[in-house]
Peer 1: 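Questions regarding the structure given below will be posed in turn.
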2 protein chains.
Amino acid sequence: MSSEPTIRVPADFEAEFPGASRSASEVAANLSRTAAAFVSAVERWPRETANLSASAFQTLAILEGADEPLPAHVIAERLIVRSASMTSLLHTLERRGLVERHPHPSDRRKILIQLTDEARRIVDQTLPVQHAVIAAAVGDVSEADRERLITTLATIWTRLENLAERPLPIPKARRKRRTPAAARQARPTK
Amino acid sequence: MSSEPTIRVPADFEAEFPGASRSASEVAANLSRTAAAFVSAVERWPRETANLSASAFQTLAILEGADEPLPAHVIAERLIVRSASMTSLLHTLERRGLVERHPHPSDRRKILIQLTDEARRIVDQTLPVQHAVIAAAVGDVSEADRERLITTLATIWTRLENLAERPLPIPKARRKRRTPAAARQARPTK
DNA sequence: TATTGTTATACTCTATAACTATA
DNA sequence: TATAGTTATAGAGTATAACAATA
């Protein structure tokens, strides 16, 4: 497929899109592609060995990390899903014997979600693989470059957080470039 | 939520997971979070102004970029989806009046997908906003750092491509650390 | 009144398998 | 035989709205 080591953007890009930045768009494209490959690599093990989706495994990992049963709404907050979605996710995990619902001892509105031993085994096997995959993926990058990368990513992330709270920007007009195909179409058809 | 500028991993991490790398996992965590924020920022405009999902807008953008009608299987290849998923995507877009199906003039197995004027208007308005959002997000990063970032991402991506073709690794045993909660549970309950 | 969780419903996206028609 | 596309079906994920039980 697109097996170039870096994704680059054509030179006339900023002429076509006033307000755009060629280098910024190259950052965005390469960042998205690398992160997608990262996520796919990390999700591979739980999917192929335990048939667990990303959300499903994340639910187990959250419970394992908490080291104690959690009420459903707490897991929902950490996963960033609605309570109705959480109910359905927990239903799937319960059917597969990976979590159990228990009544909360003092607040009878709540249910406490507890991992089964099988779920704990899955998490214990999956986390080392995921971390090993990550270590391998970053293996060719020096420690100094890792630190630089983390810092630059943090700079971008902070800006994105601010942007998310602002209203949508007003579009600037695009100056469409003439592509060979468009020129072909524009030419009188004989 | 997790509004720290950088995500960091505890110092005892490598003791718990032999074969893992603390700095690599920090790279992975920060990369995933920043990329997710990027994708969410870029998908915001087409979703909020035209109610278009990422795949739906991508389909329109591919057609716009090609500058000529494309057969369905070509779009499916570029989107990396199965032909059946493409059919359903195109059905949704057709219902919304954004694409039209036309018979291929010479190969009667094929259909040519063409953008409507409304779809072209949407793409023309969306692309400048997306590129402006990207330029704003990366605005605080110097040109030199952008280039370094792209290079480092390419290094990681190349490794991930190789890893994807290999069989799954064998998990190394985890050395569970004692968390406060676990210690509490382990202690005799009085 | 607010919180917790469930049910019902719907829509998107993706996937597989069986199928038609065309090359 | 291989290719292009559709239909049928299924499942995961997310969303909203109405609801019951409890605080």
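Below, read A as the first sequence line, B as the second, and so on, with proteins coming before strands; counting in each chain starts at 1.
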Peer 1: Between dT22(C) and Arg108(B), counting only base atoms on the nucleotide and side-chain atoms on the residue, is there a donor-acceptor pair under 3.5 Å?
Peer 2: no
Peer 1: Within this structure, what is the CG-to-P distance between Leu89(B) and dT12(C), rounded to whole angstrom?
Peer 2: 10 Å
Peer 1: Within the pair Ser83(A) and dT4(C), is there a side-chain N or O less than 4.0 Å away from OP1 or OP2?
Peer 2: no
Peer 1: Looking at dT14(C), I'd like to know if its phosphate oxygens (OP1 or OP2) sit under 4.0 Å from a side-chain N or O belonging to Ser55(B).
Peer 2: yes
Peer 1: Could you tell me whether Glu43(B) and Arg47(B) have a side-chain N and a carboxylate O separated by less than 4.0 Å?
Peer 2: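 Answer for the salt bridge query: no.
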Peer 1: Rounded to the Å, how far apart are Arg101(A) CZ and dT7(C) C1'?
Peer 2: 12 Å
Peer 1: Rounded to the nearest Å, what distance is computed from the CZ atom of residue Arg47(B) to the P atom of nucleotide dT14(D)?
Peer 2: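 After rounding, the reported distance stands at 14 Å.
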Peer 1: State whether Arg121(A) and Asp124(A) are salt-bridged, where the test is any N-O pair (Lys NZ or Arg NE/NH1/NH2 against Asp/Glu carboxylate O) under 4.0 Å.
Peer 2: no
Peer 1: Take the protein atom CG of Leu70(A) and the nucleotide atom P of dG5(C), then report the distance between them rounded to whole Å.
Peer 2: 11 Å
Peer 1: Round to a whole Å and report the spacing from CZ of Arg109(B) to P of dT22(C).
Peer 2: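 Result: 11 Å.
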Peer 1: Closest nucleotide of DNA chain D for Ser85(A) versus for Asp107(A): which of these residues is on the 5' side?
Peer 2: Ser85(A)
Peer 1: Once you round it to whole Å, what is the distance between C1' of dG5(D) and CG of Leu93(B)?
Peer 2: 16 Å
Peer 1: Is the distance from OP1 or OP2 of dG5(D) to the nearest side-chain N or O of His73(B) less than 4.0 Å?
Peer 2: yes
Peer 1: Run the numbers on Arg146(A) and Ser21(B) for side chain to side chain donor-acceptor pair (under 3.5 Å), then give the verdict.
Peer 2: CA-CA 11 Å; Arg146(A) 295 181 192 196; Ser21(B) 152; 3.0 Å; yes
Peer 1: In this structure, how many angstroms lie between the C1' atom of dA15(D) and the CG atom of Asn51(B), rounded?
Peer 2: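 Computing the Asn51(B):CG to dA15(D):C1' distance gives 12 Å.
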Peer 1: Has the side chain of Arg82(B) got a donor or acceptor that lies under 3.5 Å from a partner of the other kind on the base of dT14(C)?
Peer 2: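 No.
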Peer 1: Rounded off to whole Å, could you give me the NE2-to-P distance for the His91(B) and dG5(D) pair?
Peer 2: 17 Å
Peer 1: Taking Arg33(B) first and then Glu26(B), would you say they form a salt bridge - that is, a charged N and a carboxylate O separated by under 4.0 Å?
Peer 2: no
Peer 1: Between dT14(D), dA23(C), dG5(D), which nucleotide gets closest to the side-chain atoms of Thr87(B)?
Peer 2: dG5(D)
Peer 1: Once ring pair (Phe, Tyr, Trp, His ring centres under 6.0 Å) is applied, do any residues pair with Phe17(B), and if so which ones, sequence neighbours excluded?
Peer 2: His131(A), Phe13(B)
Peer 1: Can you figure out which of dA4(D), dA12(D), dG5(C) approaches the side chain of Lys110(B) most closely?
Peer 2: dA4(D)
